[in-house]
Amino acid sequence: MKKFCIMIIAAGLSTMAAAQEKFEQGKPNNDNYRYLDEYQGLKNYIDYSKYPNFKLGAGTTVNDYLNNSLVKNLTNKNFTETVAGNAMKMQSCVDGNGNMNFTTVKNYVNAATEAGLNVYGHTLAWHSQQPKGWLLKLLSDKPDPNSEQVYTEIASKDFRTSKSIGSWRSDESTYGYSLSFDATNGLKIHTTKMCEHSWDVQFLAMENIFVEKDKTYKMTMTVKGSAEGKLHSKLGDWSNGEYPDIPFTTEWQDVTVEYKGIVESSFFMLQCGDFVGDIYIKNIKFEGYKGATVPLTKEEMHDTLVYAMDKWIKGMMEACDGKVKAWDLVNEAISGGGDDGQGNYLLQHSTAYNPSGNPDATWDVGGDNFYWQDYMGDLEYVRQACRLARTYGPKDVKLFINDYNLESDWDDNKKVKSLINWIKKWEADGVTKIDGIGTQMHISCYEDANLMKSAKDHITKMFELMAASGKLVRVSEMDMGYVRGSNKWAGSIKTNQLTEAEHKKMADFYEWIFKEFFRIVPPEQQWGICQWCTTDAPENSGWRGGEPVGIWDLNYYRKHVYAGFVRGLGGVPSGIKDVKKDEVTDASKEIYNLNGVRMSAKSLDNLPAGIYIVDGKKVSK
């Protein structure tokens with residue numbers, strides 16, 4: 001009969017059974033996952049006696065957090081920090097005409113902070129997911145006061161050569177249509193069913209069409225169909241616009257329709273959910289009266305963008321009401337290619353700005369690119385963003401530079417070395433101060449031992465370099481796939497292909513990352529680790545679709561990697577006060593966890609480290 005030391009908690013305890021939520025359990029009807037039922041929420045395993053500043057974060061879909069109680073409870077019970085995946089990016093809050101709406105941000109920040117979570121801001125300055133229409137309108141040529149207005153083309157698109165549409169379309173599989181292009185007919189809209197509404201099939205054909213309010217513009221479209229019909233259209237934005245129909249026949253025709261300017265920066269939307277067959281569009285042209293213009297000077301461009309950045313950062317900081325204490329000031333600035341003349345990678349720039357052909361200069365994930373640094377310069381755009389964040393943010397705000405591939409083994413961590421040196425350049429003015437570095441760590445676990453060793457070696461080196469910088473260190477967007485074989489670039493296998501052994505190998509890798517972070521980064525420099533994907537990715541996800549990137553599966557049940565997080569964090573909950581030694585007890589009696597759920601194990605030897613209830617008393621194992 002084994003004896004175990006009992007720890008009595010002065011505050012007392014209740015042994016009433018409490019129902020577990022599904023995210024507190026492993027996969028049902030599978031004994032291999034029952035041990036996961038016995039763990040507490042992840043945040044309970046943070047050892048604040050060793051790591052007093054550490055924050056365990058979660059990438060968060062804000063609408064789910066606000067409207068799905070399961071997601072909200074999962075986040076609140078397991079994490080100490082939440083990061084909005086998209087809701088706090090500029091394009092989510094600023095429309096194509098510079099109008100700002102922070103309602104969702106306010107609701108999210110208030111709900112999360114009231115739940116006791118820290119909110120980490122993501123992101124203030126980035127080239128992707130920008131209100132490109134508004135920013136380009138601000139930088140457009142200014143009227144020449146000495147010219148007269150003439151009738152001229154203001155926007156056009158030839159789908160035979162520019163084989164693309166705008167940044168949004170309705171779901172093609174749901175509404176039974178497809179879009180394709182060829183050099184003869186241009187855009188082909190193929191519809192297979194009559195939808196309930198004409199707007200079920202809709203897409204943005206063109207964007208960033210600059211018009212003047214109340215002026216009349218002529219649109220000419222070269223169009224035909226497999227049968228006679230009409231396209232429904234809209235020139236405007238999501239709230240306002242003009243809605244003429246565009247008729248077509250089975251022969252090519254130039255169809256002309258007039259529109260009144262409603263919104264200065266407009267898109268052109270087409271709808272055809274009430275037509276079955278094929279519609280072909282060669283080109284679209286908008287014409288109107290416009291005076292001669294002259295370009296803005298470089299100084300005018302700079303000042304104009306400082307105005308836009310000021311408006312954005314001030315609005316966001318006021319919306320957060322001082323409750324968001326840390327931000328990704330600049331996101332994904334380093335290109336991963338080129339040379340700045342000092343051995344560092346260049347910053348990202350548009351292809352037009354950098355025509356020399358650096359293949360990494362315009363890497364992007366979010367569309368609607370706008371490279372502030374093209375117009376403001378590599379130093380100035382970061383310094384201005386920092387100045388404004390400190391002007392309008394909380395006095396104790398912490399500002400990070402966040403980037404991906406800092407753990408890169410193919411270039412011996414050159415990207416993180418470059419980033420550290422760029423921070424020195426940004427701070428060389430004696431005013432700009434960067435507090436921390438965020439490493440995204442979208443990584444893979446490898447079957448091949450050599451690949452695995454190389455990945456680990458360069459994660460270690462990355463943490464060493466970041467710690468040596470003296471800056472705060474944050475793992476900002478961690479998620480993990482699994483690669484079989486000896487080809488590093490083979491791509492991650494899908495979740496439904498993963499074996500139990502591979503799941504557990506991923507758990508071991510997560511454990512190692514946490515322990516390496518704690519081993520290398522001094523406690524005073526530790527900001528924390530944020531898991532970007534709390535659940536596995538759906539097959540149709542735009543981010544690592546179908547990959548095993550989560551701590552929970554798609555049904556919100558714990559995976560083996562949950563145990564890897566627990567082990568990495570230390571495996572023992574903290575925050576227990578007034579503990580004193582009592583007597584020994586017979587542990588062969590029934591064992592319960594702190595939620596009152598009876599354990600399947602008959603011996604504490606078969607349970608993970610933690611605190612359990614045996615014979616009505618708490619036992620530390």
Side-chain angles (χ1 to χ4, degrees), residues 96 133 151-212 215-238 240-290 367:
Y151 201 73
T152 186
E153 178 182 299
I154 63 167
S156 65
K157 192 162 197 174
D158 189 328
F159 291 107
R160 294 168 296 182
T161 54
S162 177
K163 298 177 181 181
S164 65
I165 61 167
S167 60
W168 185 89
R169 71 184 75 182
S170 61
D171 186 74
E172 292 178 69
S173 59
T174 299
Y175 298 113
Y177 78 102
S178 62
L179 304 178
S180 60
F181 304 88
D182 67 56
T184 301
N185 296 309
L187 170 62
K188 176 183 177 181
I189 311 166
H190 176 64
T191 62
T192 61
K193 65 179 183 180
M194 186 71 68
C195 296
E196 182 178 358
H197 308 105
S198 62
W199 59 81
D200 289 337
V201 175
Q202 62 178 338
F203 59 92
L204 301 184
M206 297 173 64
E207 293 178 286
N208 305 317
I209 303 169
F210 301 125
V211 300
E212 292 184 48
K215 284 197 172 183
T216 299
Y217 296 87
K218 182 176 74 173
M219 187 282 303
T220 302
M221 176 186 293
T222 306
V223 59
K224 75 172 184 176
S226 57
E228 291 187 358
K230 59 185 177 182
L231 283 160
H232 310 285
S233 71
K234 178 180 182 181
L235 180 68
D237 61 13
W238 293 105
N240 301 287
E242 287 268 285
Y243 301 86
D245 288 338
I246 304 167
F248 57 83
T249 69
T250 58
E251 302 294 329
W252 285 114
Q253 287 185 320
D254 290 336
V255 180
T256 299
V257 177
E258 288 191 344
Y259 295 82
K260 181 182 290 185
I262 303 294
V263 179
E264 287 186 346
S265 178
S266 294
F267 58 61
F268 185 52
M269 176 185 284
L270 296 176
Q271 303 170 340
C272 56
D274 53 356
F275 178 86
V276 178
D278 298 325
I279 305 171
Y280 301 91
I281 304 173
K282 285 185 178 179
N283 48 61
I284 300 171
K285 178 174 65 176
F286 282 87
E287 297 171 291
Y289 281 98
K290 184 180 179 181

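As a basis for the values below, the full set of heavy atoms in this structure was taken, side chains included, without hydrogen atoms, waters or symmetry mates.
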| message | Between Tyr177 and Ser170, is there a side-chain heavy-atom distance shorter than 4.5 Å? | response | yes
| field | From CG (Asn185) to CD1 (Ile279), nearest 0.5 Å | value | 13.0 Å
| query | Is there a side chain to side chain contact (heavy atoms under 4.5 Å, CB included) between Asn208 and Phe210 once you walk through the steps? | reply | CA-CA 6 Å; Asn208 305 317; Phe210 301 125; 4.3 Å; yes
| Considering only heavy atoms from C-beta outward, does the side chain of Lys234 approach that of Tyr259 to under 4.5 Å? | no
| Heavy-atom distance under 4.5 Å between the side chains of Lys290 and Ile154, does that happen here? | yes
| said: So, taking the atom named OG in Ser162 and the one named CG in Asn283, what distance separates them when rounded to the nearest 0.5 Å? | reply: 11.5 Å
| said: Less than 4.5 Å apart, side chain to side chain, heavy atoms only: is that true for Met219 and Ile284? | reply: yes
| message | For the CD atom of Glu228 and the CD atom of Glu251, what is their distance to the nearest 0.5 Å? | response | 10.0 Å
| Rounded to the nearest 0.5 Å, how far does CG of Leu270 lie from CD1 of Ile165? | 9.5 Å
| Non-hydrogen atoms of Asn240 and Tyr243 that approach each other most closely | C-OH, 4.5 Å
| remark: What one should report as the nearest heavy-atom pair of Ser266 and Val263 is OG-O, 2.6 Å
| Would Ser233 and Leu231 count as a side chain to side chain contact (heavy atoms under 4.5 Å, CB included) if you check the C-alpha gap in whole Å, the side-chain angles of each, and the deciding distance to 0.1 Å? | CA-CA 6 Å; Ser233 71; Leu231 283 160; 5.9 Å; no
| query | Which heavy-atom pair separates Glu258 from Pro244 by the least distance, and what is that distance? | reply | O-CG, 3.8 Å
| query | Can you tell if the side chain of Gln202 reaches within under 4.5 Å of the side chain of Trp168, non-hydrogen atoms only? | reply | yes
| request: Enter the distance from Ser198:OG to His232:NE2 here, rounded to the nearest 0.5 Å. | output: 4.0 Å
| query | Just checking, is any N or O donor in the side chain of Glu207 or Ser167 under 3.5 Å from an acceptor N or O on the other one? | reply | yes
| request: Write down the atom of Ile189, the atom of Ile281, and the distance for their closest heavy-atom approach. | output: CD1-CD1, 4.2 Å
| query | Judged by modelled atom types alone, do Asp274 and His197 share a side-chain donor-acceptor pair under 3.5 Å? | reply | no
| message | Looking only at side-chain N and O atoms, does Asp254 offer a donor or acceptor that is under 3.5 Å from a partner on Thr220? | response | no
| task | Kindly indicate whether the side chain of Thr249, heavy atoms from C-beta on, has any atom under 4.5 Å from the side chain of Val223. | result | no
| message | Suppose we screen for salt bridge (Lys or Arg N to Asp or Glu O under 4.0 Å). Which residues come up paired with Lys218, at least two apart in sequence or across chains? | response | Glu287
| message | With ring pair (Phe, Tyr, Trp, His ring centres under 6.0 Å) as the test, pick out the partner of Tyr151 among Phe286, Tyr217, Tyr289. | response | Tyr289
| field | Separation of His190 NE2 from Cys272 SG (nearest 0.5 Å) | value | 11.5 Å
| field | Heavy-atom closest contact (Lys282 atom, Thr184 atom, distance) | value | CE-O, 3.7 Å
| field | Audit row: Leu179, Arg169, side chain to side chain contact (heavy atoms under 4.5 Å, CB included) steps and yes/no | value | CA-CA 10 Å; Leu179 304 178; Arg169 71 184 75 182; 3.9 Å; yes
| Stepwise ring-ring contact (aromatic ring centres under 6.0 Å, His included) test for Trp238 and Phe267 | CA-CA 9 Å; Trp238 293 105; Phe267 58 61; 5.1 Å; yes
| field | Side-chain heavy-atom pair Phe275, Phe248 within 4.5 angstrom cut-off | value | yes
| Face-on cation placement of Lys224 at Tyr280 ring, 6.0 Å and 45° thresholds | yes
| request: Can you sort out the partners of Asp278 under salt bridge (Lys or Arg N to Asp or Glu O under 4.0 Å), two or more places apart, ordered by chain and number? | output: none
| Contact summary for Ile262 and Glu242, nearest pair of heavy atoms | CG1-CG, 3.9 Å
| query | So do Thr222 and Arg160 actually touch side chain to side chain, heavy atoms under 4.5 Å? | reply | no
| Criterion side chain to side chain contact (heavy atoms under 4.5 Å, CB included) on Leu187 and Phe203, from CA distance to verdict | CA-CA 12 Å; Leu187 170 62; Phe203 59 92; 4.0 Å; yes
